[in-house]
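This chain uses plain numbering: 1 for the first residue, then up along the sequence. Since we're looking at a predicted model, the values are computed, not measured. Atoms within a ligand are numbered from 1 in the order they appear, just like the ligands themselves.
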Amino acid sequence: MSTKEPVVLGIESSCDETGVGIVRGTQLLANAVSSSMDEHVRFGGVIPEIAARAHLEAFVPTLQQALDTAKLTLDDIDAIAVTSGPGLAGALMVGVSAAKALALATGKPLYGINHLVAHVGVGVLEGTVLPPTFGALLVSGGHTEILKVTSLTKDVQLLGSTIDDAAGEAYDKVARLLGLGYPGGPAIDKAAKDGDRKAFRFPRGLSLPKFVGSAENPGKHRNNFSFSGLKTAVARCVEHFEAAGEPIPVADIAASFQEAVVDVITSKAVRAMVENNLTTVLLGGGVAANTRLRELLAARCASAGIALVVPPFSLCTDNGGMVAALGAQLVADGAKPSGLEFATDSSQPVTQIVLTH
Ligand code: KG4
Ligand code: ZN
């Protein structure tokens, strides 16, 4: 195997996307994704059991599609990487079982890797050059995290995360309150375009001085997020119009809600970058598609002298290419494979980049 440019198959099944990607070194050869999103629509959110069953059905066709696109067979693969956590337990188990079976049948080394670090790992693909130390902001239906990456394969720290809902989850819940359907993110993004973002002043979670503290004496939640109070404030606002028998100003509420989310995420992320001397930040996760998030983050990064890296959207949402990308970095770095005995870890900490046995 070429350890500089290993060919790695990456498998992702932590939520509702079954992803199989193939990379050679830092080149993406294939990125096949099958999503069970449509099956969750009528429930207004991802149902773990349905997601796990969908992975079981989609895995083999998605694998075949990735191999066909890359014009490779399993013999050409040097190593297999799979998301071992964090994520939905049942969903993770399908991908990990499939990966173990493939590793056993082919004799290829297997790496059980961290989903959050894989989101950052896509940053090495497509010719993007990242500095040795950089920051990352992950925002999706499952995550809202600020990370410090000192080494993609050896040292990643969690600077802050949500203490309740993920940002995308808040979008999905508020969209339901406004009757905008699921997934809520794109619907609110669209509705907000016709609204006034200053119409309502919704709370910015964990932004009071008692939570934030100062640079010298940081508060417990300086870099953390909370969206549950915001969600309740939107619900009260909607109820107020309903009780008064007045039409609900959907566009204004959507725009004001979105501003509250995006304001707090971008200000906390940029402050964390500055305080940790990080001059580059990578944005990942499904909410990276949000127009206002991109706009405000770009503006705030520019004023703070921080370079913003946003991978193509297909690499920001959950996919196997990101798992393969991190796997290839681990192989190139000489990391020890995880063996065949590891379990999934639905709350795998970000500091555990690859599982050891
Ligand atoms: O990364 P992703 O595909 O899956 C995980 O949740 O891991 O992200 C999906 C989330 C959903 O909550 C969806 O509402 C949100 O990303 N999303 C958006 C937008 N597009 C997708 N949120 C805000 N604005 C958007 N344009
Ligand atoms: Zn994800």
message: Does K231 qualify as a cation-pi partner of F202, given the criterion of NZ or CZ under 6.0 Å from the six-membered ring centre and within 45 degrees of its axis?
response: no
- request: Please report the C-alpha distance between D78 and K108 in whole Å, then the side-chain angles of each, then the deciding distance to 0.1 Å, and finally whether the side-chain contact (heavy atoms from CB on, under 4.5 Å) criterion is met.
  value: CA-CA 6 Å; D78 294 317; K108 312 283 181 185; over 6 Å; no
- line: If you scan protein heavy atoms around atom 24 (N) of ligand 1, the nearest is N290 ND2, 2.9 Å
- request: State whether the shortest distance between N or O atoms of G142 and N or O atoms of ligand 1 falls below 3.5 angstrom.
  value: yes
query: Does P186 approach ligand 1 within less than 4.0 angstrom via side chain, backbone, both or neither, non-hydrogen atoms only?
result: both
Polar proximity ligand 1 side, Y171 side, N/O cut 3.5 Å exclusive: no
field: Those atoms of ligand 1 less than 4.0 Å from some heavy atom in A289
entry: 20 (N), 26 (N)
statement: Among non-hydrogen protein atoms, atom 5 (C) of ligand 1 lies closest to S140 OG, 3.5 Å
field: Protein contact of atom 10 (C) of ligand 1 - nearest heavy atom, named by residue and atom, plus distance
entry: G141 N, 3.4 Å
query: Between H115 and H143, how do the two ring planes meet: parallel, tilted or perpendicular, split at 30° and 60°?
result: tilted
message: I'd like the atom name of the N/O/S atom in D318 lying closest to the Zn ion (ligand 2).
response: OD1
query: Are D189 and R294 within salt-bridge range, i.e. N to O under 4.0 Å?
result: no
field: Top protein contact for atom 25 (C) of ligand 1, by heavy-atom distance
entry: G185 C, 3.6 Å
message: ring-ring contact (aromatic ring centres under 6.0 Å, His included) for Y182 and F43? Distances and angles first, verdict last.
response: CA-CA 9 Å; Y182 176 83; F43 303 102; 9.9 Å; no
message: Once you restrict to heavy atoms under 4.0 Å, what part of T317 touches ligand 1? Side chain, backbone, both or neither.
response: both
message: For ligand 1, which is the ligand I care about here, please tell me if G286 has any N or O atom under 3.5 Å from one of the ligand's N or O atoms.
response: yes
query: Under 30°, 30 to 60°, or over 60°: which ring-plane class applies to F225 and F227, parallel, tilted or perpendicular?
result: parallel
- request: Can you pull out the closest protein heavy atom to atom 11 (C) of ligand 1? Residue, atom name and distance to 0.1 Å, please.
  value: D172 OD2, 3.9 Å
message: To check your reading of the model: name the closest protein heavy atom to atom 15 (C) of ligand 1, its residue, and the distance in Å.
response: V287 CG2, 3.8 Å
- prompt: Going by the atom numbers of ligand 1, which of them fall below 4.0 Å from some non-hydrogen atom of G168?
  reply: 12 (O)
query: Just heavy atoms, cut-off under 4.0 Å: does D189 contact ligand 1 by side chain, backbone, both, or neither?
result: side chain
message: Is any side-chain heavy atom of S84 closer than 4.5 Å to one of Q348?
response: yes
Identity of the N, O or S atom of H119 lying closest to the Zn ion (ligand 2): NE2
- request: Go through H55 and S13 one step at a time and tell me if the side chain to side chain donor-acceptor pair (under 3.5 Å) criterion holds.
  value: CA-CA 7 Å; H55 289 307; S13 75; 4.7 Å; no
message: With respect to E169, determine whether any N or O atom, backbone or side chain, lies less than 3.5 Å from an N or O atom of ligand 1.
response: no
query: Taking the side chain as C-beta and beyond, is there a heavy-atom pair between L67 and V20 under 4.5 Å?
result: no
- prompt: Can you give the angle H143 NE2 - the Zn ion (ligand 2) - H115 NE2, rounded to 10°?
  reply: 100°
K173 with D165: basic N within carboxylate O range, under 4.0 Å: yes
task: Before accepting this row, confirm whether a basic side-chain N of the pair D155/K148 lies closer than 4.0 Å to the acidic partner's carboxylate O.
output: no
